[in-house]
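Report on the following structure.
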Amino acid sequence: MERTFIAIKPDGVQRKLIGEIIRRFEAKGFTLVGLKMMSVPRELAEKHYEVHQEKPFFPGLVKFITSGPLVAMVWEGDGVVSSARKIIGATNPLTAEPGTIRGDFGVSVGRNLIHGSDAIETAAKEISLWFTPEELVSWDSAMAGWLYE
Ligand SMILES: Nc1ncnc2c1ncn2[C@@H]1O[C@H](COP(=O)(O)OP(=O)(O)OP(=O)(O)O)[C@@H](O)[C@H]1O
């Protein structure tokens, strides 16, 4: 079953949106298989965003991600990688569609509340970067028969 890495960034935690964000993924029908609240070490933030290391916003992004607690999660379900990106919305919350997390709760690109892996291969890399295998819990949702044919 497909898995994706989702992180509620420090602004989402401070804004008390943890419950609302988890609710949206649960209500859609995805299954939570990994969850931890953590302070992010600088090296982990830099590794996670290494594709952006030459960008002017990189130092500020690393400072922001390491500035407070973050909630790291792994969600499972058919098509969860691309569906999660739709639930999250466009990178800039001002242009993100209403009904998406960023569209409903954010106003600036540097405080866009949540991260979601952008492809299946990226998801696998990010899951192994943020979680050990022992931290992930495989379980069968009792609702599966009502979610899938
Ligand atoms: N111009 C910018 N100014 C400040 N921060 C930015 C800017 N562009 C991107 N970022 C930050 O870098 C993150 C990664 O940018 P990317 O283009 O990969 O967007 P994304 O894939 O929608 O976001 P994420 O990887 O966090 O899910 C953004 O989520 C945002 O927090």
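One-based numbering, in listed order, for ligands and for the atoms of each. From a predicted model like this one, the values you see are computed outputs, not experimental measurements.
Protein heavy atom at the shortest distance from atom 25 (O) of ligand 1 is His115 ND1, 2.9 Å. Of the protein's non-hydrogen atoms, Arg85 NH1, 3.0 Å is the one closest to atom 21 (O) of ligand 1.
For Glu135, the salt bridge (Lys or Arg N to Asp or Glu O under 4.0 Å) partners two or more places apart in sequence, or in a different chain, are Lys36.
The distance from ligand 1 to the heavy atoms of Gly116 drops below 4.0 Å at these ligand atoms: 27 (O). For ligand 1, the atoms lying closer than 4.0 Å to a non-hydrogen atom of Asn112 are 28 (C), 29 (O), 30 (C), 31 (O). Annotation for ligand 1: atoms under 4.0 Å from non-hydrogen atoms of Lys9 are 26 (O), 28 (C), 29 (O), 31 (O). Taking every non-hydrogen atom of Arg102 and a distance limit under 4.0 Å, the qualifying atoms of ligand 1 come out as 22 (O), 23 (O), 24 (P), 26 (O), 27 (O), 29 (O). For ligand 1, the atoms lying closer than 4.0 Å to a non-hydrogen atom of Tyr49 are 13 (C), 14 (C), 25 (O), 26 (O). Atoms of ligand 1 lying under 4.0 Å from any heavy atom of Leu61, numbered from 1 in the order shown and given with element: 11 (C), 12 (O), 31 (O).
Proximity of Phe64 to ligand 1, defined as any heavy-atom pair under 4.0 Å, is not found for any part of the residue. The backbone and the side chain of Thr91 each have at least one atom closer than 4.0 Å to an atom of ligand 1 (non-hydrogen atoms only).
Remark: Arg24 engages Glu20 in a salt bridge, criterion side-chain N to carboxylate O under 4.0 Å.
Close placement of the Phe25 and Trp75 rings is indicated, their centers lying within 6.0 Å of each other.
In Gln14, the CD atom is not crowded: 12 or fewer heavy atoms of neighbouring residues, nucleotides or ligands sit closer than 6.0 Å. More than 12 heavy atoms of other residues, nucleotides or ligands lie within 6.0 Å of NZ in Lys55, so this atom counts as buried by the packing criterion.
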